[in-house]
Q: 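I have a structure I would like to understand better, so I am pasting it below and will then ask my questions one at a time.
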Amino acid sequence: MGIRFGLCCIFRDEPIKFRTTTASYVLKMDRSDGLLKISDLCKTNASSLQEALQYCHKNDINNFRVSSNILPLKTHPVLGYNVEDLPDGENIINLFKGAGEYAKSKNIRTSFHPSQFVVLNSQKPQVVVQSLQEIEYQAEVAEWINADVVNVHGGGAYGDKIKALSDFSHAVDRLSERARSKLTIENDDKTYTPSDVLPLCKDLGIPLVYDVHHHRCNKDGISIEQATQAALATWNREPMFHISSPIEGWSGKKQNSHHDFINIEDFPECWLDLNITVEVEAKAKEVAILQLMAQYATIKRTVGTTGLAACPDVRPAFSGLLVGAETHL
DNA sequence: AGCGGTCAAGTTGAT
DNA sequence: ATCAACTTGACCGCT
């Protein structure tokens, strides 16, 4: 119960690394050497995933987002491959399934977030094909590790958001059930607000990953409280939201750039008592999560017993409670 | 061992 | 027209 905090992809201080390669390097090798190298990286990454999950469990971080590069070059137009066809491919799959069993046994949720190149409503058919492939790949790994979220953005607007969202919906129809059942959509910082995508979420039965930082950058007239409630209603499983803070504060210029840490002032008060996953998009990674979790615990301990959370203007009140917690790292 | 150039991919908005 | 920003800087060849 309470909030499940999520770490995104990598670590800052903890020596757990995921590896990748470049297409230009692999293309210089002959095919079998290339596949051997990729197989090696996949195996290393499966082990790193296991270590990452163990670290998360030990530190009470109960959600981990898996990097899109966990299987390097998986859907590259020339170098793309089936894992079954890699040297030691069965073993790679079993390593992932083992990590999935571990995650399940420790109640660690896992998730995916395909990169900016995945655009389901692109006006270029080949981009849509590549995007579908990428989502299918991540859904396959998701199945191995028991992940229940593959989260994408709405894509481009192309001057007509309504048409673009309709194109998005047609592309979703082309996904397998395995991929579609995990698909979620997130409001973004430039184009699609929560209000833009909520109708689509309802129509398609796709949950909204509500990113409150993006909502603050890309407003639509509804409040954080309203967006939170509407987003909660789209979920048929534990809701997932995103939090981050602007690198130079809200008075700075680059409001959509992420800070190293989360400013507790940016944490929506109306999330405090929800049972949700909050993925923490902060450059200091696990260090930022540990700090945020300590602050959250302090607020819950203090506010939770006095009922202050119900008070409309609790913000200044709980800032004062955090003097000790903020500096403890 | 450390450094700099490079890396598959899309779209938008700031400069 | 170029560039940074977005989910995450890491890899590789050279010194």
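The analysis underlying the following values was restricted to heavy atoms, covering all of them including side chains, and did not include hydrogens, waters or symmetry mates. In what follows, chains are A, B, ... by sequence order, proteins preceding strands, each numbered from 1. Only a predicted model underlies this, so the values are computations on that prediction, with no experimental measurement involved.
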Q: Using Watson-Crick or G-U wobble geometry with both distances under 3.5 Å, which nucleotide pairs with dG9(C)?
A: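 Checking every strand shown, dG9(C) finds its partner in dC7(B), with both distances under 3.5 Å.
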
Q: Have a look at His242(A) and say if it touches a base, only the backbone sugar-phosphate, or nothing, with a 4.0 Å heavy-atom cut-off.
A: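 Touches nothing.
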
Q: If I take atom CD in residue Gln130(A) and atom P in nucleotide dA9(B), what distance separates them, rounded to the nearest angstrom?
A: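 Going from CD in Gln130(A) over to P in dA9(B) covers 11 Å.
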
Q: Please name the residue in the list Gln138(A), Arg65(A), Glu134(A) that meets the side-chain contact (heavy atoms from CB on, under 4.5 Å) test with Phe112(A).
A: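 Only match with Phe112(A) under side-chain contact (heavy atoms from CB on, under 4.5 Å): Gln138(A).
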
Q: Contact class for His213(A) (heavy atom, under 4.0 Å): base, sugar-phosphate, or nothing?
A: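 If one applies the 4.0 Å heavy-atom cut-off, His213(A) turns out to touch nothing in the nucleic acid.
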
Q: In whole angstrom, what separates Arg19(A)'s CZ from dG9(C)'s P?
A: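 Checked: the CZ to P distance equals 18 Å.
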
Q: Hey, is Phe117(A) stacking on dA9(B)? Ring centres under 5.5 Å, planes under 30°.
A: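 So Phe117(A) counts as stacking on the base.
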
Q: Looking at Lys283(A), I'd like to know whether one of its side-chain N or O atoms comes within less than 4.0 Å of OP1 or OP2 on dG9(C).
A: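 Checking Lys283(A) against dG9(C): at least one side-chain N or O falls below 4.0 Å of OP1 or OP2.
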
Q: Identify which nucleotide among dA8(B), dC6(C), dT11(B) has an atom closest to any side-chain atom of Tyr158(A), counting heavy atoms from C-beta outward.
A: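 Among the listed nucleotides, the one closest to the side chain of Tyr158(A) is dT11(B).
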
Q: Which part of the nucleic acid does Pro114(A) contact within heavy-atom distance under 4.0 Å: base, sugar-phosphate only, or nothing?
A: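 Nothing, no nucleic acid heavy atom in range.
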
Q: To the side chain of Pro77(A), which of dC6(C), dA8(B), dT12(B) is closest?
A: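 The closest nucleotide is dA8(B).
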
Q: Answer with base, sugar-phosphate or nothing: what part of the nucleic acid does Ser115(A) contact at a heavy-atom distance below 4.0 Å?
A: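 Counting heavy atoms under 4.0 Å across all strands, the contact made by Ser115(A) includes a base.
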
Q: Output the rounded distance in Å from CD (Glu134(A)) to P (dG10(B)).
A: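 Between P of dG10(B) and CD of Glu134(A): 12 Å.
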
Q: Take atom NZ of Lys161(A) and atom P of dT12(B), then tell me their distance rounded to the nearest Å.
A: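 For the pair Lys161(A) NZ and dT12(B) P, the rounded distance is 11 Å.
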
Q: Figure out the CE/P separation between Met29(A) and dC12(C), and round it to whole Å.
A: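 Rounded to the whole Å, the gap is 8 Å.
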
Q: Would His153(A) and His214(A) satisfy ring-ring contact (aromatic ring centres under 6.0 Å, His included), going step by step from the backbone distance to the final call?
A: CA-CA 11 Å; His153(A) 287 287; His214(A) 289 164; 5.8 Å; yes

Q: Is a salt bridge present between Asp148(A) and Lys182(A), judged by a nitrogen-to-oxygen distance below 4.0 Å?
A: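 Here Asp148(A) does not pair with Lys182(A) in a salt bridge, since their nearest N and O are not under 4.0 Å apart.
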
Q: For the rings on His215(A) and Tyr210(A), is their centre-to-centre separation under 6.0 Å?
A: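 Ring centroids of His215(A) and Tyr210(A) are less than 6.0 Å from each other.
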
Q: Mind calculating the distance between CG (Asn121(A)) and P (dG10(B)) to the nearest angstrom?
A: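 Interatomic distance, CG of Asn121(A) to P of dG10(B): 14 Å.
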
Q: May I ask which nucleotide in the shown strands pairs with dA14(B), Watson-Crick or G-U wobble, both distances under 3.5 Å?
A: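 Answer to the pairing question: dT2(C), which forms a Watson-Crick or G-U pair with dA14(B).
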
Q: Between Asp33(A) and Lys37(A), does any side-chain N to carboxylate O distance fall below 4.0 Å?
A: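 Not counted as a salt bridge, because no side-chain N and carboxylate O are separated by less than 4.0 Å.
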
Q: Thr21(A) or Cys8(A): which one's nearest nucleotide on DNA chain C is closer to the 5' end?
A: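 Mapping each residue to its closest nucleotide by heavy atoms, the 5'-most match is Cys8(A).
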
Q: Grab the CG-P distance between Asn69(A) and dG9(C) for me, whole Å please.
A: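 One finds 12 Å between P of dG9(C) and CG of Asn69(A), rounded.
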
Q: Have a look at Glu279(A) and say if it touches a base, only the backbone sugar-phosphate, or nothing, with a 4.0 Å heavy-atom cut-off.
A: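 Result for Glu279(A) = nothing.
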
Q: Go through Arg19(A) and Asp40(A) one step at a time and tell me if the salt bridge (charged side-chain N to carboxylate O under 4.0 Å, His left out) criterion holds.
A: CA-CA 10 Å; Arg19(A) 301 186 51 213; Asp40(A) 230 37; 5.4 Å; no

Q: Give a yes/no on whether any side-chain N or O of Thr191(A) is located under 4.0 angstrom from OP1 or OP2 of dT11(B).
A: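 So the side chain of Thr191(A) is outside the cut-off, no N or O lying under 4.0 Å from OP1 or OP2 of dT11(B).
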
Q: Taking only side-chain nitrogens and oxygens of Lys124(A), does any of them come within less than 4.0 Å of OP1 or OP2 of dT11(B)?
A: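 Checking Lys124(A) against dT11(B): at least one side-chain N or O falls below 4.0 Å of OP1 or OP2.
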
Q: Which whole-number value in Å describes the distance from Lys190(A) NZ to dA5(C) P?
A: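 Rounded to the whole Å, the gap is 10 Å.
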
